[in-house]
Amino acid sequence: MRILSSEVTTHVGDTITLKGWVQSRRDHGGLIFIDIRDHQGITQLVIQPETAEAFALAEQLRDEFVISASGLVREREQHLKNPNITTGGVELKVDDLVILNRSEPLPIQLHGEAMASEDLRLKYRYLDLRRPKMQTMLKKRAEAYKRIRDFMEARDFTEVTTPIIANSSPEGARDFLIPSRIHPGTFYALPQAPQQFKQLLMVGGVARYYQLAACFRDEDPRADRLYGEFYQLDLEMSFVEDGEEVRALTEPLIKSLVTDFAGKQLLSADIPRLTYVESMERYGSDKPDLRYGMELIELSDELATSGFGVFTNAIKSGGAVKAICVPGAASLSRSQIDSFTDIAKAEGAGGLAYLNFADGDVKSPIAKFLQPDELATIKLKTGAADGDIVFFGADTRTVVNKVLGRLRVEFANHFKLKDPNIIALAWIIDFPFYEIDEATQKLDFSHNPFSMPKGGLTALRGTDKLSIVADQYDMVMNGYEICSGGVRNHNPEVMYEVFGVLGYDKAYVDARFGAMIGAFKYGAPPHAGCAFGIDRILMELTGETNIREVVAFPKNGSGVDVMMSSPSVVEAAQLKELHIETVE
RNA sequence: GGGCUCGUAGUGAAGUGGUUAUCACGCCUCCCUGUCACGGAGGAGAUCACCGGUUCAAAUCCGGCCGGGCCCGCCA
C-alpha cells in the first residue's frame with residue numbers, strides 16, 4: 001500500500017510503500033538512514049545490512065534520487081524519537097528499495113542556509129520549486145484562488161473567460177503584439193486587461209461578471225511588478241451607479257484574505273476612504289502606507305514671512321512649504337542625513353532643510369533664519385519632541401508632496417516602522433480625470449478614460465478641466481496599489497465629450513473604441529467594477545518583498561525566462577508565414 | 001533610455017596592491033550499527049564574469065564591456 005509521509009504515523013505495524021526524493025543520507029557503515037521527502041513531508045527510512053539488496057542500493061543513494069521504499073512502519077524507541085519533525089516518532093524499516101531515477105549533483109542547494117541567487121533559482125525553477133517554502137507558496141496561491149471563487153460565486157457573480165488573443169488598445173501600457181498570418185500586415189494583441197470585454201458583458205446582460213484574468217503588459221518590471229503577465233481578480237456589476245457599492249461588496253473578501261487566509265491583523269476594522277487630494281497632501285502619495293504616521297504638515301501660512309529665502313521664495317511663487325517630523329531621527333548620522341538628502345534631490349528637491357530638536361533646543365543650519373515664535377509654531381504643528389528631526393520640503397506643491405512622500409517611506413524603512421503582521425487598507429477615491437502631461441505640457445487623461453466624470457457633461461463643459469474628478473477608486477495595501485476600479489461611463493454622449501475635451505473628435509473615438517461606443521448605443525446599463533492584483537496581494541500577505549516569489553515561473557527582472565530561454569529567435573519560415581520580412 | 005549596486009571552485013560567502021586565493025555546504029575515496037544539518041580521515045575542484053590599462057607586482061586600482069538586482073522614466 002502506497003501512502004504519503006503525512007499518513008505514516010497512523011500506519012504503525014503496517015507494511016507500506018513510500019515514494020519520494022532522497023532529502024539526506026546518513027551512512028553509518030553498517031546502518032543507513034535516509035530521509036525520504038514527498039509533497040507532504042519527510043519520513044526516516046532505516047536500511048540494515050540484513051536486507052542485503054536494499055542495503056547495496058542505499059549505499060548508492062545521493063541527494064534528490066527518486067526512490068520507492070517498502071517495509072514495516074515501526075515506532076521508534078523513546079530515546080530515538082525526533083521531536084523536530086512530525087513523523088519523528090516512527091520510521092520505516094526498509095525491506096525493498098527501488099531507485100526510480102537518479103540525480104546528478106544539484107546546481108543549486110535546496111536545503112540549508114545557503115540560498116542560491118535568484119537568477120540560478122529561476123534557471124532551475126523546477127528544482128527551486130521542490131523547496132518547502134515554494135510548495136507552500138503554490139498551495140497558498142491555489143487556496144487564495146479558491147477563496148476568491150467561493151466568495152464571488154456566493155454573491156451571484158459568473159466567471160466568464162475573455163479572449164487572450166485580443167486587440168491592441170491605444171491607451172495605456174505597451175501591448176504584446178501578435179502578427180496575423182491570415183491577414184497580412186495586421187496584428188492581434190494580448191489584453192492589458194479585460195476592460196472592454198467586461199464592459200461589453202454588461203451590455204450583454206451578464207449582471208455580475210468576474211474572472212481570474214491574465215493581463216499582459218510589455219513594460220519594465222519592478223520588485224512589485226511582474227514582467228509580461230500577471231493575474232487580476234477582475235469584476236464588474238450592472239446597475240451600479242455608486243462606487244461605494246463595489247467597495248462595500250469587495251471589502252469582506254480582502255479583509256478575510258488578510259485575517260483568515262494570511263493570519264495577519266488589520267490596522268483598522270473599517271477601511272478609510274481618502275480622496276486623491278487628501279492622500280497626496282497628507283502622505284505625498286496616492287498609495288500611502290498607513291501603518292505608520294509621519295504625515296506631511298502644511299506650514300506655508302506659518303512660514304510665508306520667515307527669514308529663510310528657500311521657504312519664502314517657494315511660497316511667493318505659488319508653491320508650498322511642508323514638513324515631516326521623524327521621531328528619534330536625532331540618532332541619524334550626518335552621512336545618513338546626507339543620503340536622505342540625495343534621495344530628496346533625486347525626487348526633484350533643491351536640498352533638504354531640517355531642524356534637529358534636542359535638549360529643549362533646536363540645532364540646525366537654518367535655525368538662525370527662523371524667529372523663536374516660528375520655531376515654536378513648527379514644533380507645535382509637527383508635534384516634534386526632543387530627539388526628533390523635522391524635515392522640510394519647499395517647492396511647487398507637487399514636488400514638495402512627492403519629495404516628502406518618498407522620504408516618509410524611506411524613513412519608515414530606515415526606522416523599521418513597517419510591521420509585517422499588520423495590514424493597513426485604504427480606498428483612494430476621486431482621482432483627477434485630467435492632468436497636465438509633464439513632457440508635452442498638454443492636457444491628458446490622468447487615469448483611464450472609461451470611468452464616469454463626476455458631474456457628467458456639465459463638469460466636462462466647465463472651464464476648469466483639471467478640477468474634474470473621475471468616479472474612480474484604488475485600494476491600497478501597506479503602500480501597494482492592489483486594486484483599481486471605477487464607475488464606468490456608459491453614456492455615448494458623455495464618452496464623446498470626455499475625448500472632446502482633449503480635442504479628439506467623434507471619428508477618433510469611433511475608430512479606437514468602436515465596439516464599446518457602439519454597444520453603449522443599445523441600452524447599456526450603468527455599471528461599475530474593479531480589478532484586484534492577485535500577485536501583489538499574495539506578495540504582501542505572504543511577507544515577500546519580491547513579487548516573483550509568489551509565481552511559479554516568472555520572467556526575471558529583464559523580462560527573460562532564463563529556464564526556457566524566452567524570448568528566442570524563430571525560424572525564418574515562421575516569420576515568412578507571418579509576413580515579417582526582416583528582423584534586426 | 002538613465003542612476004546606484006553586485007559578479008571569487010557546483011552553491012553560498014571571506015579576501016582593499018605582495019608567498020601556493022580562505023571557509024562552509026556539495027562532490028570523490030576510505031572508516032563507522034541509532035543518526036536525524038550524523039561523525040572521522042583524505043582528495044579533487046577557481047582562466048577571481050570578460051577585454052584592456054596602471055604597477056616590479058592586480059581578485060583588489062583605472063577604463064570599457066557583458067550579465068544579475070534595486071530604483072527613476074514607463075506601468076490607461
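Heavy-atom basis, side chains included; hydrogens, waters and symmetry copies ignored. We name chains A, B, ... by the order of the sequence lines, and we start the count at 1 in each one.
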Heavy atoms only, 4.0 Å cut-off, all strands: where does [X] land among base, sugar-phosphate and nothing?
X        : value
A:Ser484 : nothing
A:Leu120 : sugar-phosphate
A:Glu481 : nothing
A:Glu91  : base
A:Asp27  : base
A:Asp119 : sugar-phosphate

* Asked: Is there a donor and acceptor pair, one atom on the side chain of A:Gln109 and one on the base of B:G10, closer than 3.5 Å?
  -> yes
* Any donor-acceptor pair under 3.5 Å joining the side chain of A:Gln44 to the base of B:U35? ->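 Indeed, a donor on one side and an acceptor on the other fall under 3.5 Å apart.
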* Structure fact -> The contact string for nucleotides 71-76 of chain B, one letter per nucleotide 5' to 3', using protein heavy atoms under 4.0 Å with B, S and - for base, sugar-phosphate only and none, comes out as SBBBBB
If only side-chain N and O atoms of [X] are considered, is one of them under 4.0 Å from the OP1 or OP2 phosphate oxygen of [N]?
X        : N     : value
A:Asn556 : B:G68 : yes
A:Arg26  : B:C38 : yes
A:Arg62  : B:C28 : yes
A:Arg548 : B:C70 : yes
A:Ser117 : B:G12 : yes

* Asked: A:Gln23 has an atom CD; how far is it from atom P of B:C38, in whole Å?
  -> 9 Å
* To do: May I have the distance from A:Asp63 (atom CG) to B:C28 (atom P), rounded to whole angstrom?
  =>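 Atom-to-atom, A:Asp63 to B:C28, this comes out as 10 Å.
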* To do: Using a cut-off of 6.0 Å, state whether more than 12 heavy atoms not belonging to A:Tyr231 lie near its atom OH.
  => no
* Asked: More than 12 foreign heavy atoms under 6.0 Å from CD of A:Glu50: is that the case here?
  ->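 Yes, the 6.0 Å shell around CD holds more than 12 heavy atoms from other groups.
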* Structure fact -> Side-chain contact check for A:Glu50: nearest option of B:A37, B:U35, B:U33 is B:U33
* To do: Please tell me which of the listed nucleotides, B:G68, B:U11, B:U33, lies nearest to the side chain of A:Ala116?
  =>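 The listed nucleotide nearest to A:Ala116's side chain is B:U11.
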* So, A:His28 and B:C32: ring centres less than 5.5 Å apart, planes less than 30° off, yes or no? ->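 The base of B:C32 is not stacked with A:His28 (the test needs centres under 5.5 Å and planes under 30°).
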* Asked: Is the shortest side-chain N to carboxylate O distance from A:Asp38 to A:Lys19 below 4.0 Å?
  -> no
* Asked: Can we call the ring centroids of A:Tyr292 and A:Phe411 under 6.0 Å apart?
  -> no
Kindly list each side-chain donor-acceptor pair under 3.5 angstrom involving residues 61-72 of chain A, sequence neighbours excluded, with atom names and distances?
residue: A:Arg62; atom: NH1; partner: A:Glu59; partner atom: O; Å: 3.3
residue: A:Arg62; atom: NH1; partner: A:Gln60; partner atom: O; Å: 3.4
residue: A:Glu64; atom: OE1; partner: A:Arg37; partner atom: NH2; Å: 3.0
residue: A:Glu64; atom: OE1; partner: A:Arg130; partner atom: NH1; Å: 2.8
residue: A:Glu64; atom: OE2; partner: A:Arg37; partner atom: NH1; Å: 3.0
residue: A:Ser70; atom: OG; partner: A:Thr17; partner atom: OG1; Å: 2.7

* **B:U8 to B:A49 separation - C1' atoms, rounded to the nearest Å** =>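 Approximately 10 Å lies between the C1' atom of B:U8 and that of B:A49.
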